[in-house]
Amino acid sequence: MSPRLIIVSNRVAVPEPGNKQMAGGLVVAVKAALRNRTGVWFGWSGKIDEMETAEPRIVQRNRITYAVIDLSKNDFDEYYNGLANRVLWPLLHYRVDLQKYSRADHSGYMRVNRLFADKLGAFLTKDDIVWVHDYHLMPLARELRARGHLNPIGFFLHIPCAPLDILRTLPHHEEILGALTYYDLVGFQTENDRDNFAAYLLTIPGAKAGRGLTFGVDGRRTRIGAFPVSIETATYARLARNAARSPLAKEIGESLDGLRLVLGVDRLDYSKGIIQRINAFDRFLEVNPEWRSRVTLLQITPKSRSDVKDYAAIENEVATLIGKINGRYGQASWTPIRYVNRSYSRAALSGLYRAADVALVTPLRDGMNLVAKEYVAAQDAGDPGALLLSEFTGAAAELTGALIVNPHESEGVAAALKRALEMPLAERRERHGPMLAHLLVHNVELWAETYLSSLAETQLRPSYMSDLRALFSPPRSRTPERSQTHSDKLEETQALVRLLPTLAAPTDWTYRRVW
Ligand code: F6P
């Protein structure tokens with residue numbers, strides 16, 4: 001029987017009637033990782049309860065066990081609203097200016113990570129593979145190791161990783177960011193994120209870079225890598241084709257009554273650049289009067305993290321700005337910007353993407369941005385829309401057929417929007433085709449497979465071979481080696497592998513869990 005895959009994330013999409021649809025890439029990614037596997041998805045229930053959860057609440061669906069715990073009000077304030085969303089989120093999105101650190105939040109964050117380790121540890125078996133997701137749970141591997149769990153443990157950061165100088169502004173960063181060295185494999189969305197973290201790792205006293213992006217710290221070894229997250233491309237494309245024939249699509253088509261549709265879909269978050277986007281649309285209408293009454297921007301923006309002050313502030317700012325623009329250009333028969341604070345089902349969104357002539361995906365900083373990928377997948381390949389994409393998203397490295405923009409320059413975005421709306425069919429097809437082809441191969445299933453096989457490999461990594469060599473070879477091996485041929489290396493590796501079962505199990509987990 002293959003080992004269980006244990007996914008750990010702050011939120012868990014428990015499939016129960018009445019549960020709200022969860023927005024964002026993490027859910028899509030985790031569901032794909034668990035598909036066709038036996039596994040557990042462990043995390044916070046989304047509920048606040050003053051009574052400490054004695055045991056996780058369990059929901060079983062086919063081969064997946066969902067195990068969730070409640071948090072106390074204090075945990076929610078200090079761990080989720082506090083260190084995770086008032087400190088780590090802004091910091092990792094390059095917004096040092098918005099970071100609001102407090103020692104109380106820091107200790108609340110550590111406390112909840114310990115709570116997760118206690119509750120999770122109680123049902124971990126030695127063969128489980130553990131995969132932890134996102135910035136809420138950076139110290140979890142250290143806590144699990146401290147409780148004696150020797151399992152392979154991987155981590156994936158869904159959001160960006162800022163450069164070294166920004167990371168070091170986090171007070172006591174070594175306790176949080178440094179704790180990532182307790183994972184066997186730390187995955188990032190892009191090479192840029194990975195390299196930022198590599199630069200950070202080298203500032204940890206005693207850290208050493210090994211081969212193949214491995215790092216040694218205090219006798220532990222961790223490997224880092226870039227694993228761009230993706231979507232279920234073929235399934236999404238099918239969903240959009242069907243949605244195009246749905247009553248909602250018909251209703252929207254009728255309400256547009258010939259207007260061209262520009263679409264923005266984002267959680268209400270300052271990192272998404274919604275204010276800058278609205279300003280760019282304002283600029284577009286100002287300099288292109290011929291487009292007035294011919295186009296509408298539909299901005300779909302579910303509210304999020306409203307307990308955090310900066311989120312409440314942006315809520316007012318966006319609403320006020322949109323009101324002003326609608327007042328300035330609008331007419332009784334035409335609203336320039338339609339603004340909606342609710343979330344839509346996957347199917348409804350896919351239909352909207354397909355109906356949109358242009359998607360505006362212009363975050364100031366985003367780990368990946370799956371809206372961009374979903375928009376590409378949802379298009380009619382014979383008559384696709386155009387994608388405007390911020391150069392500061394992870395997706396920009398892959399979606400090279402998009403019109404890449406700098407969201408900080410409203411004139412530039414306005415000009416790109418005009419170009420997108422007026423782009424000839426042949427160019428739209430030329431840009432869209434290769435992006436779709438790329439996403440059909442680089443889908444979320446490939447992402448999960450690649451990450452998990454890389455995690456499995458960390459147990460047979462080159463550093464492990466050299467560790468074994470150092471342990472068992474006579475002192476002469478410390479003199480410089482003659483350069484080895486490939487077959488020398490192969491022979492040596494085979495000899496070591498043959499030796500493995502005869503060796504006594506060492507006490508250190510970095511060696512022991514290999515066999
Ligand atoms: O990775 C960031 C992320 O987890 C996304 O998947 C999702 O969009 C968002 O954050 C959800 O945020 P929250 O759980 O705070 O509502």
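In each ligand, atom 1 is the first atom listed, and ligand 1 is the first ligand listed. Start at 1 with the first residue, then count along the sequence.
- Heavy-atom proximity to R11, at under 4.0 Å, picks out these atoms of ligand 1: 13 (P), 14 (O), 16 (O).
- Geometrically, ligand 1 and R267 share a nitrogen or oxygen pair separated by less than 3.5 Å.
- In the vicinity of H158, heavy-atom distances shorter than 4.0 Å reach the ligand 1 atoms 1 (O).
- A salt bridge links E457 with R223; the closest basic N to acidic carboxylate O contact falls under 4.0 Å.
- Numbered from 1 in the order shown, with element, the atoms of ligand 1 that lie under 4.0 Å from a heavy atom of Y80 read 13 (P), 14 (O), 15 (O), 16 (O).
- Within the listing of ligand 1, atoms 9 (C), 10 (O), 11 (C), 12 (O), 13 (P), 15 (O) sit less than 4.0 angstrom from a heavy atom of R305.
- The pair K73-D49 fails the salt-bridge criterion, with no side-chain N (NZ, NE, NH1 or NH2) lying under 4.0 Å from an Asp/Glu carboxylate O.
- Which parts of ligand 1 touch I159 is read off a 4.0 Å heavy-atom cut-off, strictly below it: atoms 1 (O), 2 (C).
- Between F156 and H158, the ring planes lie perpendicular to each other; the angle is over 60°, past the 30° to 60° tilted range.
- What you find for E50 and S72 is that their closest heavy atoms are OE1-CB, 3.8 Å.
- Every atom of ligand 1 with a heavy atom of G25 under 4.0 Å away is listed here by number and element: 6 (O).
- Side chain of Y451 to main chain of F155: a donor-acceptor pair is present (N/O by atom type, distance under 3.5 Å, no hydrogens or angles).
- Listed by chain and residue number, nothing satisfies the side chain to side chain donor-acceptor pair (under 3.5 Å) test with T320 (two or more places apart in sequence, or in another chain).
- Under the side chain to side chain donor-acceptor pair (under 3.5 Å) criterion, Q60 pairs with T65, not counting sequence neighbours.
- Residue-level proximity to ligand 1 for D134 is carried by the side chain, the only part with a heavy atom below 4.0 angstrom.
- Between V27 and ligand 1, not a single N/O pair is under 3.5 Å apart.
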